[in-house]
Amino acid sequence: MAARQLFARHGVDGVTVQQIVTAAGVRNNAALHYHFGSKEDLVRELVVDGAAVLNARRQQMLRDLKARGGPTTIREVLEVLVVPVIELEDNEQWRGYIRFTSNLQAAHREVLLAALNNKWNAGYIACFDYLKQMIRIPPALIEQRLSIFSISANAILSAREAALELRPSKASRFWDRSFTLDNILDSFEAMLTCDPSATTLRTMR
């Protein structure tokens, strides 16, 4: 959708209703208000549309893992978090969604959370609950480590999405390597599981 692409590139605050209407090829602003009510309503609808797809895929992956007695490893949980995003990015229909929601989280986190309503991100929340149980570092560090992971994952997956938009038919020496996804998952796992340094442990006292 034209609005999602505009929000992905410029952020919600950087896009006017007129720009959305023009990009969508609609004649006047009244059409947007007729279909969506307001710019804020449109933002919420765009959040839920993509989140529903991600959540359904994550929930299915979790069900498959549970049927096999899992998840049993941090790597399995990370795959549930990351692989659906990669699949969404690779579908041109959803291109721009990750940057859109990342920008929204940075600028208007309360709007994003209200739209998700602990419903459309239930699979995401379940994954974080698993990680909290599996990560073997002092509890005081776990929440912050998960936030660091979330911010980093949003950044790298947003960068991948932007690269796909810029080079739809051109190979990338970075993103198209056969081991890129595994290396990204390795990096995330290391981030979550590395032992705290002596300095960090000392400052916790």
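Worth knowing before you read on, the calculation uses all heavy atoms, side chains too, and leaves out hydrogens, waters and symmetry mates.
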Does some side-chain heavy atom of [Y] sit less than 4.5 Å from a side-chain heavy atom of [X]?
X      : Y      : value
Ile86  : Arg160 : yes
Arg4   : Trp94  : yes
Arg145 : Cys194 : yes
Asp182 : Arg177 : no
Val85  : Tyr97  : no
Asn91  : Val53  : no
Ser38  : Val17  : no
Leu185 : Glu189 : no

Path from [X] to [Y] over hydrophobic side-chain contacts below 4.5 Å:
X      : Y      : value
Leu78  : Met191 : yes
Val82  : Ile148 : yes
Val111 : Ile125 : no
Leu113 : Ile98  : no
Ile137 : Met204 : yes

* Would you say Arg58's side chain and Leu81's backbone share a donor-acceptor pair under 3.5 angstrom? ->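 Checked: pair present.
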
For [X] and [Y], which heavy atoms make the closest approach, and how far apart are they?
X      : Y      : answer
Ser158 : Glu89  : N-OE2, 4.3 Å
Asn118 : Ala122 : O-CB, 4.4 Å
Leu42  : Ala3   : CD2-CB, 3.8 Å
Ala126 : Leu62  : CB-CD1, 3.9 Å
Cys127 : Val80  : SG-CG1, 3.4 Å

Pair Leu104, Phe7 - check side chain to side chain contact (heavy atoms under 4.5 Å, CB included), show working. CA-CA 9 Å; Leu104 190 61; Phe7 291 147; over 6 Å; no

Original post:
Looking at Ile135, Ile142, Leu141, which one forms a side-chain contact (heavy atoms from CB on, under 4.5 Å) with Pro138?
Top reply: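 Considering Ile135, Ile142, Leu141, a side-chain contact (heavy atoms from CB on, under 4.5 Å) with Pro138 is found only for Leu141.
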
Check the surroundings of atom CZ in Arg109: do more than 12 heavy atoms from other residues, nucleotides or ligands lie under 6.0 Å from it?
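For Arg109, atom CZ is not crowded (no more than 12 foreign heavy atoms under 6.0 Å).
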
Report task. State whether the number of non-hydrogen atoms from other residues, nucleotides or ligands found under 6.0 Å of Gln144 atom CD is greater than 12. Result ->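 Counting neighbours around CD of Gln144, 12 or fewer heavy atoms of other residues, nucleotides or ligands fall under 6.0 Å, so no.
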
ask   = Any ion pair linking Arg75 and Asp186 (charged N to carboxylate O, less than 4.0 Å)?
value =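 Looking at Asp186 and Arg75, the cut-off is met.
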
Quick one: do the [X] and [Y] side chains pair a donor with an acceptor below 3.5 Å?
X      : Y      : result
Asp64  : Gln60  : yes
Thr22  : Gln18  : yes
Asn183 : Thr180 : no

Apply side chain to side chain contact (heavy atoms under 4.5 Å, CB included) to Gln5 and Arg9, showing your working. CA-CA 6 Å; Gln5 291 287 2; Arg9 295 168 188 161; 3.9 Å; yes

Practice item. Could you tell me the separation between the OH atom of Tyr124 and the CG atom of Asn55, rounded to the nearest 0.5 Å? Key: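 Reported to 0.5 Å precision, the distance equals 12.5 Å.
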
> Once you round to the nearest 0.5 Å, how far does CG of Leu46 lie from OG1 of Thr101?
Replying inline: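 The OG1 atom of Thr101 is 10.5 Å from CG of Leu46, to the nearest 0.5 Å.
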
Carefully, step by step, assess Ser172 and Leu164 under the rule side chain to side chain contact (heavy atoms under 4.5 Å, CB included). CA-CA 9 Å; Ser172 165; Leu164 285 173; over 6 Å; no

Over 60° means perpendicular and under 30° means parallel, so classify the ring planes of Phe188 and Phe149, tilted if in between.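 Ring orientation of Phe149 relative to Phe188: perpendicular.
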
- prompt: Given the rule in the side chain to side chain contact (heavy atoms under 4.5 Å, CB included) test, do Asn117 and Val48 qualify, once you have shown the distances and angles that lead to the verdict?
  reply: CA-CA 10 Å; Asn117 196 30; Val48 171; over 6 Å; no

